[in-house]
Colleague: 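What follows is a single structure, and I will ask about it in a moment.
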There are 2 protein chains.
Amino acid sequence: MRPTIGKVTAETAPETAPQSRPVDAERPKRRQARGERRIAQLLTAAGQVFAESGYAATTTNAIAARAGVSPGSLYQYFPNKDAIAAALAEYYADSLDVLLAPFAVVDPAAVTLEQALGASLGPIVEFHRENPACLALFIGGNAPGHVMDLQAPLMARTHQRIQALLTLYAGNLPAERLDLAAAVALGAYKGVLPLLVEAPQEQVGALTLEVRDLLLGYFDRLLAP
Amino acid sequence: MRPTIGKVTAETAPETAPQSRPVDAERPKRRQARGERRIAQLLTAAGQVFAESGYAATTTNAIAARAGVSPGSLYQYFPNKDAIAAALAEYYADSLDVLLAPFAVVDPAAVTLEQALGASLGPIVEFHRENPACLALFIGGNAPGHVMDLQAPLMARTHQRIQALLTLYAGNLPAERLDLAAAVALGAYKGVLPLLVEAPQEQVGALTLEVRDLLLGYFDRLLAP
DNA sequence: CGAGATTACGAGTGATTGCTCGCATTCGTC
DNA sequence: GACGAATGCGAGCAATCACTCGTAATCTCG
């Protein structure tokens with residue numbers, strides 16, 4: 001169930017004419033179905049090559065070749081190399097934002113931390129295994145500027161959610177401590193992700209449980225020192 | 001107490017003539033004291049630039065400029081860009097190997113896990129804060145081939161040491177489980193390191209304690225589920 | 001000092017690569 | 001079928017960068 005990548009810059013509704021400015025900014029540029037398909041091809045190809053070689057080492061020609069397209073065609077849909085990575089990153093950030101949302105809405109009276117973590121971790125791991133370029137762009141630093149513009153807020157939101165979750169279960173601790181704890185938990189989680197992505201399929205379940213235990217063990221220690 | 005970087009390829013003792021082969025391989029190439037100093041200058045400069053920009057984005061000219069040296073001089077001491085990173089990586093790998101050694105020789109009867117971790121973590125954190133390029137080269141993937149040749153064995157040894165430590169304290173668990181646990185602990189540790197390196201000085205102590213708790217909490221959970 | 005080795009320089013070279021441009025083809029619409 | 005717009009192509013341009021080379025300064029040692 002690999003997700004179809006597309007809808008890069010969300011320019012639908014070309015009929016609702018927004019002609020207040022004369023020739024000012026860029027017009028929406030009508031696009032045929034073929035073009036949308038090409039964009040999806042290019043983005044999946046880019047994801048593969050980025051995952052294999054990292055951002056810096058992948059050439060735009062390699063992406064075009066992987067997509068079975070000429071370099072010129074690539075530049076019809078993306079203004080430059082950064083924009084390709086940024087389009088991918090936007091998709092990744094949006095997807096992760098959805099997957100990480102459950103953290104914020106947990107009833108500590110009805111659900112234990114163990115249950116909350118166990119339920120959330122699986123889909124996130126699955127997503128990263130299906131989209132290895134997400135790690136390559138977000139975790140393996142030195143991404144282009146526009147990618148960082150998406151990564152930084154995502155990390156900040158994730159941090160906030162972890163801290164909110166911790167506040168629910170350990171509200172008595174000072175906020176400063178919870179802030180530190182959320183940062184440490186997020187760092188550990190990011191450090192373990194490559195393991196989960198590269199592990200053989202049959203180990204993923206056991207590894208996910210270990211990661212859950214890693215976080216739970218830390219949280220336990222926070223609650224009862 | 002920033003360590004002086006030098007002694008790249010360990011070619012001392014030029015007088016003990018090893019002339020069994022005629023003109024065969026490369027001769028040791030006598031080097032003046034000035035040259036050794038230049039090498040150290042270049043390596044520290046390289047460390048700074050790598051830490052700022054990552055391996056791929058740093059140019060050899062930038063390293064030379066940072067060291068106050070012409071590009072030509074740089075290439076008198078290093079055959080290519082990879083060799084600079086490799087020389088740094090070798091120094092880092094050797095240093096870390098020493099810092100991580102205590103993990104292997106612990107008496108579980110006399111020392112608790114908490115004490116063992118607490119004693120080891122500090123120096124390691126200090127080292128990474130003094131040498132941020134170590135993270136940039138080893139953790140931020142996509143390093144050149146020769147760097148990976150040094151990083152992979154270092155990681156393997158570290159994994160073994162963690163597993164050995166765990167075996168001392170949790171010998172009853174199956175080896176397969178301990179293998180997984182060591183991998184998870186190592187991943188978490190790597191994930192948290194950037195936090196420790198980038199944190200302001202006054203937070204380092206508290207953060208180090210949190211990291212210790214992270215690992216301890218996980219190990220506690222392994223021992224008493 | 002003088003000979004040879006080492007160090008230093010920095011403009012230049014060759015290869016790579018992000019990106020463009022002119023033109024051919026296909027699509028949507030009448 | 002016809003017309004404009006969108007799509008597609010790939011050789012080639014311009015800039016970057018790892019690396020070289022001829023030459024000059026500096027060191028070592030007799």
Side-chain angles (χ1 to χ4, degrees), chain A residues 6 8-9 11-12 14-15 26-43 45-46 49-50 53-87 142-147, chain B residues 6 8-9 11 14-15 26-43 45-46 49-50 52-87 142-147:
Chain A
V8 189
T9 32
E11 42 205 21
T12 31
E15 305 307 329
E26 79 290 341
R27 52 201 163 141
K29 196 179 191 184
R30 265 177 57 209
R31 181 156 287 149
Q32 302 182 348
R34 190 170 34 141
E36 301 276 1
R37 249 180 286 132
R38 276 278 184 263
I39 290 180
Q41 276 178 41
L42 285 165
L43 283 181
V49 186
F50 281 146
S53 318
Y55 175 78
T58 65
T59 70
T60 54
N61 286 358
I63 296 174
R66 180 72 64 100
V69 154
S70 79
S73 292
L74 184 152
Y75 281 95
Q76 173 141 13
Y77 298 105
F78 299 97
N80 51 47
K81 186 182 172 185
D82 285 15
I84 305 174
N142 301 112
H146 205 306
V147 170
Chain B
V8 190
T9 32
E11 43 203 23
E15 305 308 329
E26 79 290 342
R27 53 202 166 139
K29 196 178 190 183
R30 266 178 58 210
R31 180 157 289 148
Q32 303 181 353
R34 189 171 33 140
E36 302 276 0
R37 250 181 285 131
R38 276 280 185 259
I39 290 180
Q41 274 179 42
L42 284 165
L43 283 181
V49 187
F50 281 146
E52 288 167 12
S53 317
Y55 175 78
T58 66
T59 69
T60 54
N61 287 357
I63 295 175
R66 180 71 65 99
V69 155
S70 79
S73 292
L74 185 152
Y75 281 95
Q76 174 143 12
Y77 299 104
F78 298 98
N80 51 48
K81 187 182 171 185
D82 285 15
I84 304 173
N142 301 110
H146 205 307
V147 171

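First the proteins, then the strands, lettered A, B, ... as listed; each starts at 1.
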Colleague: Just how far is it from atom CG of B/Asp82 to atom OG1 of B/Thr60, taken to the nearest 0.5 Å?
Modeller: 11.5 Å
Colleague: What's the CZ-P distance between B/Arg37 and D/dC27, to the nearest Å?
Modeller: 9 Å
Colleague: Please determine if a side-chain N or O atom of B/Ser70 lies less than 4.0 Å away from the OP1 or OP2 oxygen of C/dC9.
Modeller: yes
Colleague: Give a yes/no on whether any side-chain N or O of B/Arg38 is located under 4.0 angstrom from OP1 or OP2 of C/dT7.
Modeller: no
Colleague: How would nucleotides 20-27 of chain C be written as a contact map, 5' to 3', with B for base contact, S for sugar-phosphate-only contact and - for no contact, using protein heavy atoms under 4.0 Å?
Modeller: B-----BS
Colleague: How close do A/Ala67 and A/Gln41 get, counting heavy atoms only, and between which atoms?
Modeller: O-OE1, 3.3 Å
Colleague: Check whether A/Thr58 reaches the backbone of A/Tyr55 with its side chain - one donor and one acceptor, N or O, closer than 3.5 Å.
Modeller: yes
Colleague: Nearest whole Å is fine: how far is D/dT16 C1' from A/Lys81 NZ?
Modeller: 13 Å
Colleague: Quick check for you: to the nearest 0.5 Å, what is the distance between A/Ile84 atom CD1 and A/Tyr77 atom OH?
Modeller: 13.0 Å
Colleague: In whole Å, I'd like the distance from the CD atom of B/Gln76 to the P atom of D/dT26.
Modeller: 15 Å
Colleague: Rounded to whole Å, please give me the gap between CG in B/Leu42 and C1' in D/dA18.
Modeller: 15 Å
Colleague: Where along residues 54-62 of chain A does a heavy atom come under 4.0 Å from DNA chain C, residue by residue in number order?
Modeller: A/Thr58, A/Thr59, A/Thr60, A/Asn61
Colleague: Could you state the interatomic distance from NZ (B/Lys81) to CG (B/Asn61), rounded to the nearest 0.5 Å?
Modeller: 10.5 Å
Colleague: Using atom CD1 of B/Ile39 as one end and atom C1' of C/dT6 as the other, report the distance to the nearest whole Å.
Modeller: 12 Å
Colleague: Could you tell me the separation between the CZ atom of A/Phe78 and the CG atom of A/Leu43, rounded to the nearest 0.5 Å?
Modeller: 4.0 Å
Colleague: Let me know the distance between CD1 of A/Ile84 and P of C/dT17, rounded to the nearest Å.
Modeller: 15 Å
Colleague: Report the distance from atom CG of B/Leu42 to atom OH of B/Tyr75, rounding to the nearest 0.5 Å.
Modeller: 11.0 Å
Colleague: For the pair made of CG in B/Asp82 and P in D/dC17, what is the distance, rounded to whole Å?
Modeller: 16 Å
Colleague: What distance separates B/Arg37 CZ from B/Arg34 CZ, expressed to the nearest 0.5 Å?
Modeller: 8.0 Å
Colleague: Can you check the A/Tyr77 OH to C/dG18 P distance for me, whole Å?
Modeller: 20 Å
Colleague: At their closest point, which heavy atom of A/Val69 faces which heavy atom of A/Ser73, and how far apart are they?
Modeller: CG1-CB, 3.3 Å
